[in-house]
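Here is the structure we will look at, set down as structure tokens.
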2 protein chains.
Amino acid sequence: MIKNMRVRVELREKPEKPWSLDEISQFLSQQGIRPSFYRLKIFEYLINERTHPTADEIYEVLRKDIPAISRATVYNTLRLFLEKQIVQLLNVEKNEARYDANLTWHGHFKCLACGQINDVEIKDLKLADLDGYQVLEKHLDLKGLCPSCRERNKFKEQEGLNG
Amino acid sequence: MIKNMRVRVELREKPEKPWSLDEISQFLSQQGIRPSFYRLKIFEYLINERTHPTADEIYEVLRKDIPAISRATVYNTLRLFLEKQIVQLLNVEKNEARYDANLTWHGHFKCLACGQINDVEIKDLKLADLDGYQVLEKHLDLKGLCPSCRERNKFKEQEGLNG
DNA sequence: ACAAAACATTATAATCAGTATAAATTTATA
DNA sequence: TATAAATTTATACTGATTATAATGTTTTGT
């Protein structure tokens with residue numbers, strides 16, 4: 001009798017087609033998470049949107065369809081998802097926890113102008129001597145200006161900042 | 001008449017010998033920061049210790065020698081150092097801002113058992129297509145178990161965790 | 001099906017790192 | 001020395017997150 005057995009699934013980087021509630025329900029069950037309505041909806045948002053939302057962003061979006069949902073439920077559910085390791089926590093910015101259902105190894109670029117976070121493909125990473133260390137999490141976070149924000153501000157950039 | 005001109009200095013990864021208060025004073029002046037006593041002491045701690053401390057850790061340590069110092073001064077000073085870009089902010093952990101006076105490109109490993117943060121040398125990093133992006137900050141954060149904590153817990157690791 | 005246990009959700013209060021404010025002190029300079 | 005500018009302080013505040021405790025909902029054993 002096997003208990004507490006979970007199948008670890010490498011989530012695909014971009015879903016060719018969105019996950020159905022049925023698929024999500026099955027997936028959550030596999031991971032030892034009872035697929036309640038709110039959990040389905042929260043995971044659906046994370047896996048099908050991919051905007052690296054904050055807890056509050058999720059709350060505000062879902063509230064439009066489900067006015068009864070509470071902030072606490074969103075926080076509780078995200079904490080559960082983290083514990084069960086089906087989402088990862090991004091600390092790109094201080095005081096701004098973001099959540100990502102894409103567990104493949106990739107980096108994040110945050111635009112300091114528009115605030116958007118984009119995925120960055122990592123071709124290769126070589127580190128020195130981590131013998132004896134057990135690495136459980138890796139995060140690569142970049143910050144700067146995205147192409148469209150640079151375009152929008154070309155004038156200022158050419159002028160140069162010397163403050 | 002040149003104003004607001006600063007010399008950007010790549011700080012050495014490990015100081016062979018600690019920076020003297022005189023050197024720090026000169027350095028802060030170069031960077032456009034008036035070298036007040038508290039600023040000297042805070043930067044001295046950051047540059048000579050290299051423990052990636054939180055604001056509160058700095059406050060508690062300095063308070064032993066300088067009981068008059070206030071928490072607000074430490075926060076104010078660290079914010080100033082960030083603005084002037086002579087230290088970098090580490091967001092390895094949520095709700096735990098840490099500060100690093102080493103601005104050379106390196107990663108950080110946080111041990112989940114003892115909480116210590118060690119530097120990690122990055123031999124090589126190749127990213128895909130960031131054409132059009134302007135990268136201003138890079139952070140590589142690892143988490144896991146450090147050698148001494150693994151040693152301490154060898155028993156548990158061998159047993160395996162299947163929860 | 002029924003009771004008990006386990007789990008899920010909610011509203012509210014509490015926490016805690018960090019920030020803003022405004023007064024007091026120190027330093028620079030006319 | 002006066003006056004302005006910068007620095008430091010104590011205190012109050014903010015805002016994201018967590019804890020609490022009450023309520024509602026499934027699951028499980030009988």
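Order of the sequence lines sets the chain letters (A, B, ...), proteins ahead of strands, with each chain counted from 1.
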*Report the residues that fulfil salt bridge (Lys or Arg N to Asp or Glu O under 4.0 Å) with A:K138, sequence neighbours left out, ordered by chain and then residue number.*
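Once residues adjacent in sequence are excluded, A:K138 has no partner under the salt bridge (Lys or Arg N to Asp or Glu O under 4.0 Å) criterion.
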
_With B:R79 via salt bridge (Lys or Arg N to Asp or Glu O under 4.0 Å) - residues at least two apart_ =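 B:R79: no salt bridge (Lys or Arg N to Asp or Glu O under 4.0 Å) contacts found.
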
*Assess the pair B:Y75 and B:Y59: is the distance between their ring centroids shorter than 6.0 Å?*
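No - the distance between ring centres of B:Y75 and B:Y59 does not fall below the 6.0 Å cut-off.
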
In whole angstroms, how far is the [atom2] atom of [N] from the [atom1] atom of [X]?
X     : N      : atom1 : atom2 : answer
A:L78 : C:dT9  : CG    : P     : 12 Å
B:R39 : C:dT26 : CZ    : P     : 16 Å
B:E83 : D:dT7  : CD    : C1'   : 14 Å
B:L89 : C:dA17 : CG    : C1'   : 12 Å
A:Y59 : D:dA16 : OH    : C1'   : 14 Å
B:L80 : C:dA20 : CG    : P     : 14 Å
A:N95 : D:dA16 : CG    : C1'   : 6 Å
B:E96 : D:dT17 : CD    : C1'   : 15 Å

_Tell me whether B:E96 contacts the main-chain N or O of B:T54 through its side chain, where contact means a donor paired with an acceptor under 3.5 Å._
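Looks like no, no N/O pair under 3.5 Å.
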
*Got a sec: does the CD of B:E60 have more than 12 other heavy atoms crowding it under 6.0 Å?*
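For B:E60, atom CD is crowded (more than 12 foreign heavy atoms under 6.0 Å).
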
_For the CD atom on B:Q26, are there more than 12 heavy atoms of other groups (residues, nucleotides or ligands in this structure) within a distance under 6.0 Å?_
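Counting other residues, nucleotides and ligands, CD of B:Q26 stays at 12 neighbours or fewer.
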
*asked:* Is it the case that the side chains of A:S20 and A:D22 hold a donor-acceptor pair, with the cut-off being a distance below 3.5 Å and no angle test?
replied: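 Side-chain D/A pair, A:D22 to A:S20: absent.
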
*By ring pair (Phe, Tyr, Trp, His ring centres under 6.0 Å), which residues pair with B:H108, not counting sequence neighbours?*
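With neighbours one apart ignored, the set is B:H52, B:H106.
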
*asked:* Using a 4.0 Å cut-off on heavy atoms, which residues in residues 61-71 of chain A reach DNA chain C? List them by number, or say none.
replied: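 Correct list: A:A68, A:I69, A:S70.
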
_It should be established whether B:S36 places a side-chain nitrogen or oxygen under 4.0 Å from OP1 or OP2 of nucleotide C:dT27._
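So the side-chain polar atoms of B:S36 never come under 4.0 Å of the phosphate oxygens OP1 or OP2 of C:dT27.
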
Every protein N/O within reach of nucleotides 18-27 of chain D N/O, cut-off under 3.5 Å:
none

What side-chain donor-acceptor pairs closer than 3.5 Å can you find for residues 32-39 of chain A, not counting sequence neighbours?
residue: A:S36; atom: OG; partner: A:R39; partner atom: N; Å: 3.4
residue: A:R39; atom: NH1; partner: A:R34; partner atom: O; Å: 3.0

